[in-house]
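Beneath this line is the structure, given in structure tokens, with notes to follow.
So you know, we letter chains A, B, ... as the sequences are listed, proteins then strands, and number each from 1. Only a predicted model underlies this, so the values are computations on that prediction, with no experimental measurement involved.
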Protein chains: 2
Amino acid sequence: MKKDKVSSAVIRRLPRYYRHLNDLYLAGVERISSNALGKSMGLTASQIRQDLSCFGGFGQQGYGYNIENLRGEISDILGMNRGHNAVILGAGNLGRALMENFHFERSGVALSAAFDVAPDVVGQRLSGVPVHHVDQLEEYLGQHPASIGVLTVPRSVANRIAGRLVASGVKGIWNFTNIELTVDAPDIVIENVHFADSLLALSYMISEVP
Amino acid sequence: MKKDKVSSAVIRRLPRYYRHLNDLYLAGVERISSNALGKSMGLTASQIRQDLSCFGGFGQQGYGYNIENLRGEISDILGMNRGHNAVILGAGNLGRALMENFHFERSGVALSAAFDVAPDVVGQRLSGVPVHHVDQLEEYLGQHPASIGVLTVPRSVANRIAGRLVASGVKGIWNFTNIELTVDAPDIVIENVHFADSLLALSYMISEVP
DNA sequence: TAGATTGTTAATCGATTAACAATC
DNA sequence: TAGATTGTTAATCGATTAACAATC
């Protein structure tokens, strides 16, 4: 299904496609043309057809795309149906906010455990997720493999923990720490969520020359 | 200082330049060449020189760039010294996590107030920031103008609140809700932090074809 | 059938990389 | 001065847009 090398620009648009298609699906819409979808997303019809053609022909001439079907295809492409498991490292404010507010399962990811060092949280459950001591990370992952590690630990321990995650078989790290991780393993994917970078880009854009 | 139209690719790299230069600065390094900086950031020296030349010539032949100076120039370019004020809308888990963990001031932004509707939080201070009732938003912003609104409210009220922020003079919205805001005002900048999009991109990248 | 709309090939546009004269 | 390194111009590469035959 996945052809050749898909450019990073396309990969970044896929989740947006999914989100829009899901909204349309939940609103009960049945079909849409690349033209209409483009208008609602601020893209050209050409680009949408070009993007989708990286993965296959999901449309039909004269009809457009069936929304339920296309939504399903894109969720497959995104790996939402692969049963990815995740563990979260760091149950501080941000970690808890993610556990309590972010719906991992809506992205097809199961959050199975959290790890921290603070005695007041180890042993508890947060939003139904058990919190273990970081010392038990390797043992836990040995028994319950996970493909994603969510990193919400302090900056100072980020690289060490990242290394342990990778050594325990994690394939991707969702990095919320504000450092650029240096993981040397070749096939490990790092996805950074750099709040400060985002805010600074916003700051730039609203800072007109006087 | 800001020339022509700076491409979005360049804008997205600027905060990374700042972060790296700041790290080097704090480590006491004095100068760096585009070559060395490129190596440490995973960019080509050419690209760095090309990027910086959008804003001026900050280097010196045979020497490279003075780190303290370049860091300062980039912080200016990013608007970090414009005294931007921000208010945060929604003091739930995510809003609190931002207030307690994210250092707005390190991006040159002052967080002056939070707004919520929950009686148990209105009137309190969180990390030193006073929490007001959303009903007082317009009155507050009338007296304490802010250029940035941080949106951590539930999805259902996001667009309504965004409209009120814009009507009260906010120039940019840092949007943490998982919807695409529809703000019709022309010069308003929306910066989205879509967690799900980020996680799905990661999911795609670790989902090899079987 | 006629109209609509796809998937794909070709054309354009923009961003990245390479090259090099200028100069510290 | 000689070596290093910039800023900038030209060349290359890749991504977006346009066009259109195929076809539902």
- Item | A:Tyr65 side-chain N/O to C:dG7 phosphate OP1/OP2 under 4.0 Å | yes
- Message: If the cut-off is 4.0 Å, is A:Thr44 near the phosphate of D:dT17, judged by side-chain N/O to OP1 or OP2?
- Response: yes
- Note on the structure: Tightest non-hydrogen contact, residues A:Ile179 and A:Asn192, listed as O-OD1, 4.4 Å
- Note on the structure: Of all heavy-atom pairs linking A:Ile206 and B:Ser147, the shortest is CD1-O, 3.9 Å
- Task: Verify the neighbour count for atom CD of A:Glu105: are there more than 12 heavy atoms of other residues, nucleotides or ligands below 6.0 Å?
- Result: yes
- Task: Indicate whether the side chain of B:Tyr140 and that of B:Ser168 have a donor and an acceptor atom separated by less than 3.5 Å.
- Result: no
- Query: What pattern of brackets, bars and dots sums up DNA chain C from 5' to 3', given Watson-Crick or G-U wobble pairs under 3.5 Å, [ ] for crossing pairs and | for another strand?
  - Reply: ..||||||||||||||||||||||
- Item | For A:Val166 against A:Val183, the heavy-atom pair lying closest together | CG2-CG1, 3.8 Å
- Message: Quick check on D:dG7: is either OP1 or OP2 less than 4.0 Å from any side-chain nitrogen or oxygen of B:Arg49?
- Response: no
- Nearest whole angstrom, please: distance from the C1' of C:dA15 to the CG of B:Leu52. 16 Å
- Nearest-angstrom distance from the residue atom CD of B:Gln60 to P of D:dT5: 12 Å
- Atom pair distance, as rounded to whole Å: CG in B:Asn69 and C1' in D:dT6: 14 Å
- Distance-only polar pair, side chains of B:Ser207 and A:His84, donor-acceptor under 3.5 Å: yes
- With the side chain defined as heavy atoms from C-beta on, B:Gln50 is closest, among D:dT9, D:dT16, C:dT6, to D:dT9
- Item | A:Asn66 CG to C:dA4 P, straight-line distance once rounded to whole Å | 20 Å
- Message: Whole angstroms only, please: what is the CZ-C1' distance between A:Phe55 and C:dG7?
- Response: 15 Å
- Query: Counting heavy atoms not belonging to A:Gln143, are there more than 12 under 6.0 Å from its CD?
  - Reply: yes
- Short side-chain N/O contact to C:dT16 OP1/OP2 from B:Gln47, under 4.0 Å: yes
- Task: Rounded off to whole Å, could you give me the CD1-to-P distance for the B:Ile48 and C:dT16 pair?
- Result: 12 Å
- Query: In residues 27-39 of chain A, what residues come within less than 4.0 Å of DNA chain C, judged by heavy atoms?
  - Reply: A:Arg31, A:Ser33, A:Ser34
- Please name the pair of heavy atoms, one in B:Tyr18 and one in B:Ser75, separated by the smallest distance, quoted to 0.1 Å. CE1-CB, 3.7 Å
- Item | B:Lys5 NZ to C:dA15 P, straight-line distance once rounded to whole Å | 11 Å
- Message: Go nucleotide by nucleotide along DNA chain D from the 5' end; which of A:Gln61 and B:Gly64 gets its closest nucleotide reached first?
- Response: B:Gly64
- Please work out if A:Ser7 contacts a base, only the sugar-phosphate, or nothing of the nucleic acid, heavy-atom cut-off 4.0 Å. sugar-phosphate
- Message: Please confirm whether the shortest side-chain N or O distance from A:Arg12 to OP1 or OP2 of D:dA15 is below 4.0 Å.
- Response: no
- What closest approach, in Å, do B:Ala162 and B:Leu181 show between heavy atoms, and which atom pair accounts for it? CB-CD1, 4.1 Å
- Note on the structure: Between A:Gly62 and A:Arg31, the two heavy atoms sitting closest are O-NH2, 4.5 Å
